[in-house]
Amino acid sequence: MLRRALELALETRFAVLLCWGPELTMVYNQAYGEVIGSKHPDALGRPVSEVFPEAWDELGPLFASAQAGDAVWFADLPVMLERDGFLAETFFTFSYSPVRDQDGSIAGVMDIAVETTRQVQDHRRLELLTRLGDLATELQPPLELAKRALDVLSTASADLPAVDLQLPGGESFLPPPPAELKPRQVLVREDGAGSRLAWVRIPAALGGASPGVMVARLSDVVAVDATYLDFLRLVAATVGDALSAAASFEAERRRADLQEWQAQRLAGLVAVAQALPDAEEESDVLHVLARGAVGLLGSDGIVLGVVEDRVLRVLGDEADPAAALLPRALRGAPVREGDGTATSAAWPLRLTDRVIGALGLSWRGERELTSEDTDLLNALAASTAQALDRVRALRAERQAAAAVRSLAETLQRSLLTSAPQPEHLDIAVRYLPAAEHAQVGGDWHDAFLTASGTACLVIGDVTGHDQDAAAAMGQVRNLLRGIGYSLEVSPAAALAALDRAMRDLGVGALATGVLATVEPLEGSSAWRLRWSNAGHPPPLVVSPDGSVELLRTSPDLLLGLEAGFVRADHVHGLPPGATVLLYTDGLIERRGASLDEGLAWLAGTVAGFAGLSPAELCDEVLQLVAGHAEDDVAVLAVRVRPEPTPVVLAVS
């Protein structure tokens, strides 16, 4: 059950955590490793309570409920997690589900999670900005309106634990700015108590001098990043709009129109920011911006410059006037130009300390960019830079996965040797990689002759689907080949010896497999198949008349589980012309279908191929699954040639 649960976790792109055993030992996929950040990879194999001690008071009872058999589900649940050296506010939508063993007992807990921190923060900030914007409709003196704004801001303690509006003639309880503030600048300093304070000038929506300064004590559990600083600018801008609107009735009317426009722009900005993470290529990023950002700023053209190997590549119309400004914006500062009849601008796309490109906009007429326009462009540029970074990371991930798969597949194919062709047997082997590029690893086939000339046939599957599984497969395959050649024992005894060798040599892997020998019967034209099955799908025999038989037995334990396990041999007669087919489970596994259904499909299919040679039979069955196999497939077919030359061999 653990193997199946792990396969499900590793094959999905959702973040999945599997907590196994009474200690809730953590095993998870790559997507979950990205969610927990710096805790990965140390979290692998550790109890979940040790990995998340800071949140265990909240998470512990939920795990306990799942261990008791009650699945739990929460949307946007707040959880305080240690991130980047401090206790950070996070939100998750997740479910904890019990994972039952084959006997129905609960063996672990599966957590399928989606982090919604950014969405929750954006939503509550948007609500605050909307409520602040509503103040513009209240015609009150500026100081009275400032008190109303402080009342609204006091409800946003998650982002603004304390806020002060420092206006002429008003009272202040937080320190004034330690230095002169530039327009749109957010100055952040630590106070003596270890908290952080931020100062930003309150812009005047109708022009003129700034009415004052907004100072805020920043949250200790939210990272002070570009999004947080842009939020402070938007809060200050919205407060400034309300204060300006309070100056006169005419200003109020203009402010109401401006507020509606800003709300639309903010909603548009949120829509663009939500669409950008879905972009998989640079062209997708440009498409999202052209569909949403152009409407926000009323521009007539948009271009995107991307730096690759120190060369600027332009996406969009290279004849657009903004395209000429892109190289200048790469220096790190916005560039604007206008000749009275047309205007163009370019904004750098910055990731921390480096510029990875530029965003260009153009207008057919003269356009003066307001502070709100520049704030919006800053936010768009930040979101665009992050989207391009994600695109590059995704491309690098795909390239790395392809390289890993190529290496693992080369290793795997180097170990899958061709089959011998003894006088009385026709043997064919084939290997088919999985359709999905991330899947490669533990399937193998082998056929060799012992020192006495007995044909040994092997089919096996090491658990896992990566280069580690391929390497482990090579160890197991070589051990079994050496044991089978040198010991001259029955298949069951050879597999038992392999169990001991895997234990003593430290081969940390589990595998299924079938080891079989094909031998002539003394004084007869018939042959016999003798085999031992270690948790693998059963061999299949095709008689010359087209009848098919699955050699079902009670399969023994997987290889590598118990070194002292007593394995069983099985025997089946083979008339001349009979074909034995060995295969791995990738041939019969189908999404939404049981293994019994897959076996029935294989038996019915092979019945129509009775007249084919072993090589043709292998090719035909693989052709049926090529392109959509979810796992690697290895097959081995052996046929007893008709009318073999009598061979005298004692039957033990």
Side-chain angles (χ1 to χ4, degrees), residues 412 414-429 431 442-462 471-505 507 509-521 527-539 551 553 555-572 574 580-584 614 634-640 647 649-652:
Q412 191 164 16
S414 70
L415 296 172
L416 301 179
T417 56
S418 59
Q421 296 298 325
E423 179 180 0
H424 303 291
L425 300 176
D426 185 2
I427 305 174
V429 291
Y431 169 73
D443 293 42
W444 91 94
H445 55 66
D446 198 9
F448 58 92
L449 301 179
T450 67
S452 64
T454 301
C456 287
L457 312 173
V458 183
I459 199 78
D461 183 3
V462 172
M473 176 272 286
Q475 292 179 289
V476 175
R477 176 254 191 199
N478 290 336
L479 283 172
L480 184 55
R481 173 176 271 239
I483 291 169
Y485 180 84
S486 61
L487 295 185
E488 295 279 358
V489 293
S490 72
L495 292 184
L498 176 61
D499 277 326
R500 295 190 296 272
M502 291 174 68
R503 178 198 62 190
D504 296 341
L505 297 177
V507 179
L510 298 177
T512 67
V514 171
L515 172 62
T517 59
V518 179
E519 306 162 325
L521 293 177
W527 291 61
R528 72 175 179 184
L529 175 74
R530 183 163 54 164
W531 78 98
S532 184
N533 188 334
H536 201 79
L551 303 184
T553 60
D556 293 340
L557 289 178
L558 272 65
L559 296 166
L561 271 180
E562 183 180 332
F565 182 75
V566 178
R567 299 187 175 277
D569 281 315
H570 311 281
V571 177
H572 185 82
L574 298 176
V580 178
L581 180 66
L582 305 179
Y583 50 91
T584 56
V635 293
L636 183 154
V638 57
R639 171 172 293 171
V640 178
V647 177
L649 180 67
V651 178
S652 60

Engineer: Listed by chain and number, what are the side chain to side chain contact (heavy atoms under 4.5 Å, CB included) partners of Thr553, not counting sequence neighbours?
Structural biologist: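 Checked Thr553 against side chain to side chain contact (heavy atoms under 4.5 Å, CB included); matches are Trp531, Asn533, His570.
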Engineer: Applying side-chain contact (heavy atoms from CB on, under 4.5 Å) to Leu498 and Val476, what does each step give before you reach the verdict?
Structural biologist: CA-CA 8 Å; Leu498 176 61; Val476 175; 4.0 Å; yes
Engineer: Looking only at heavy atoms, which two atoms of Pro614 and Ala428 are closest? And how far apart?
Structural biologist: C-CB, 3.6 Å
Engineer: Drop me the distance from Leu559's CG to Thr512's OG1, to the nearest 0.5 angstrom.
Structural biologist: 7.5 Å
Engineer: Would Val458 and Leu480 count as a side-chain contact (heavy atoms from CB on, under 4.5 Å) if you check the C-alpha gap in whole Å, the side-chain angles of each, and the deciding distance to 0.1 Å?
Structural biologist: CA-CA 9 Å; Val458 183; Leu480 184 55; 3.6 Å; yes
Engineer: So that I can tick it off, tell me whether Arg530 and Asp569 are bridged by a salt bridge, with the cut-off set at under 4.0 angstrom between side-chain N and carboxylate O.
Structural biologist: no
Engineer: Is there a donor-acceptor pair under 3.5 Å between the side chain of Tyr583 and the backbone N or O of Pro538?
Structural biologist: yes
Engineer: His445 side chain to Ser418 main-chain N or O, any donor-acceptor pair under 3.5 Å?
Structural biologist: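 Not confirmed, His445 side chain does not pair with Ser418 backbone.
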Engineer: Judged by atom type as modelled, is there a donor-acceptor pair below 3.5 Å linking the side chain of Gln475 to the main-chain atoms of Val507?
Structural biologist: no
Engineer: Quick one: do Val640 and Leu425 satisfy side-chain contact (heavy atoms from CB on, under 4.5 Å)? Show the steps, please.
Structural biologist: CA-CA 5 Å; Val640 178; Leu425 300 176; 4.1 Å; yes
Engineer: Going from CG on Leu479 to CG on Asp504, what distance comes out if it is rounded to the nearest 0.5 angstrom?
Structural biologist: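 These two atoms lie 10.5 Å from each other.
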Engineer: Regarding Thr584 and Asp461, is there a side-chain donor-to-acceptor distance under 3.5 Å anywhere?
Structural biologist: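 Note: Thr584 and Asp461 side chains miss the donor-acceptor criterion.
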Engineer: Could you give the distance from CG (Leu529) to CG (Leu551), rounded to the nearest 0.5 Å?
Structural biologist: 6.5 Å
Engineer: Can you tell me which residue pairs pass the side-chain hydrogen bond (donor to acceptor under 3.5 Å, both in side chains) test with a partner in residues 493-503, sequence neighbours excluded?
Structural biologist: Asp499-Arg567
Engineer: What's the separation between atom CG in Leu636 and atom OH in Tyr431, rounded to the nearest 0.5 Å?
Structural biologist: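 Atom-to-atom, Leu636:CG and Tyr431:OH are 15.5 Å apart.
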Engineer: Are the side chains of Val635 and Ile459 in contact, using a 4.5 Å heavy-atom criterion?
Structural biologist: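 No, their side chains stay 4.5 Å or more apart.
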Engineer: Heavy atoms only: give me the nearest Ala516-Pro491 pair and the separation to one decimal.
Structural biologist: CA-CG, 4.5 Å
Engineer: Determine, stepwise, if the pair Asp443 / Met473 fulfils side-chain contact (heavy atoms from CB on, under 4.5 Å).
Structural biologist: CA-CA 7 Å; Asp443 293 42; Met473 176 272 286; over 6 Å; no
Engineer: With distance as the sole test, does Thr454 use its side chain to make a donor-acceptor pair with the main-chain N or O of Thr450 at under 3.5 Å?
Structural biologist: no
Engineer: For Ala568, is there any backbone N or O sitting under 3.5 Å from a side-chain donor or acceptor partner on Ser532?
Structural biologist: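 Yes, because the side chain of Ser532 sits within donor-acceptor range (under 3.5 Å) of the backbone of Ala568.
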Engineer: Decide yes or no for Val514 and Pro539: does some side-chain heavy atom of the first lie under 4.5 Å from some side-chain heavy atom of the second?
Structural biologist: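 With C-beta onward as the side chain, the pair touches.
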Engineer: Less than 4.5 Å apart, side chain to side chain, heavy atoms only: is that true for Ile427 and Val518?
Structural biologist: no
Engineer: Which heavy atom of Tyr485 sits nearest to which heavy atom of Ala451, and what is that distance?
Structural biologist: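 Nearest heavy atoms, Tyr485 then Ala451: CE1-N, 3.5 Å.
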Engineer: Is any side-chain heavy atom of Leu510 closer than 4.5 Å to one of Val462?
Structural biologist: no
Engineer: Looking at side-chain heavy atoms only, is the closest gap between Leu449 and Cys456 below 4.5 Å?
Structural biologist: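 A side-chain contact under 4.5 Å is absent here.
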Engineer: What is the distance from atom CG of Leu557 to atom CD of Glu562, rounded to the nearest 0.5 Å?
Structural biologist: 6.0 Å
